[in-house]
Amino acid sequence: MSSTIEDLTINYEEDGRLIVKETGKEVLSKGAWTTILFRYNNLNKSTGEYGKDMFTIRRYQKRQGEYIPKSKFNISSVKQAKQIIAALEEWVKEDEK
């Protein structure tokens, strides 16, 4: 568990190897409930190479000074990310009218 937003990461090691490599982090909201968008790559154990860019949105709740993971949504491809962006841009544009 982490006590600061800066310490929150999705890096994951197994047997001394970095399996999930965080390559970007954008804090979307802070407070008792914190939302963070992460960019990451998974290690292909057979080739030793990291795969394509992937994205995840994580929500954390701060309790007794520690951030506890509460929910997550994985965006599995750049194509899916672009679809989400397009939908959000359209909805925001409609709201601005």
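Numbers here simply count residues along the sequence, with the first being 1. The figures here come from the full heavy-atom set of this structure, side chains too, leaving out hydrogens, waters and symmetry mates.
Under the 4.5 Å side-chain heavy-atom criterion for ILVMFWY residues, a single connected hydrophobic cluster contains both Val78 and Ile75. Hydrophobic clustering, with ILVMFWY side chains joined whenever heavy atoms are under 4.5 angstrom apart, groups Ile10 together with Val27. In terms of hydrophobic clustering, with Ile, Leu, Val, Met, Phe, Trp and Tyr side chains grouped at heavy-atom distances under 4.5 Å, Phe38 and Ile19 are assigned to a common cluster.
For the atom pair Lys21 NZ and Asn42 CG, the distance stands at 11.0 Å (nearest 0.5 Å). Between atom CD of residue Gln64 and atom OG of residue Ser3 there is a gap of 13.5 Å, rounded to the nearest 0.5 Å. Taking OG1 from Thr9 and OH from Tyr40, the interatomic distance works out to 12.5 Å, rounded to the nearest 0.5 Å. In this structure, Tyr60 OH and Leu8 CG are separated by 5.0 Å, a value rounded to the nearest 0.5 Å.
Looking at every heavy atom in both residues, Phe55 comes nearest to Leu37 through CB-CD1, 4.4 Å.
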Pair Leu18, Asn11 - check side chain to side chain contact (heavy atoms under 4.5 Å, CB included), show working. CA-CA 7 Å; Leu18 189 60; Asn11 284 334; 4.0 Å; yes

Chi angles and distances behind the side chain to side chain contact (heavy atoms under 4.5 Å, CB included) call for Glu22, Val20: CA-CA 7 Å; Glu22 177 186 312; Val20 177; over 6 Å; no

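The side chain to side chain donor-acceptor pair (under 3.5 Å) pairs that include a residue from residues 47-59 are Thr35-Arg59, Arg39-Asp53, Asn41-Asp53, Thr56-Arg58, Thr56-Asn74, where partners are two or more places apart or lie in different chains. Identified under the salt bridge (Lys or Arg N to Asp or Glu O under 4.0 Å) test for residues 24-33, with sequence neighbours left out: none.
Taking Ser71 as the reference, nothing meets the side chain to side chain donor-acceptor pair (under 3.5 Å) condition, with sequence neighbours excluded. The side chain to side chain donor-acceptor pair (under 3.5 Å) search around Glu14 returns Tyr12, Lys45, not counting sequence neighbours. Every residue two or more places apart in sequence or in another chain was checked for a salt bridge (Lys or Arg N to Asp or Glu O under 4.0 Å) with Lys79, and none qualifies. Listed by chain and number, the residues in a side chain to side chain donor-acceptor pair (under 3.5 Å) with Asp7 are Thr4 (sequence neighbours excluded). Among residues two or more places apart in sequence or in another chain, the side chain to side chain donor-acceptor pair (under 3.5 Å) test is passed with Gln61 by Arg63.
The number of heavy-atom neighbours closer than 6.0 Å to NZ of Lys72, taken from other residues, nucleotides and ligands shown, is 12 or below.
In the hydrophobic clustering, Ile85 connects to no other residue, as no ILVMFWY side-chain heavy atoms lie under 4.5 Å from its own.
The side-chain heavy atoms of Phe73 and Ile84, taken from C-beta on, include a pair separated by under 4.5 Å.
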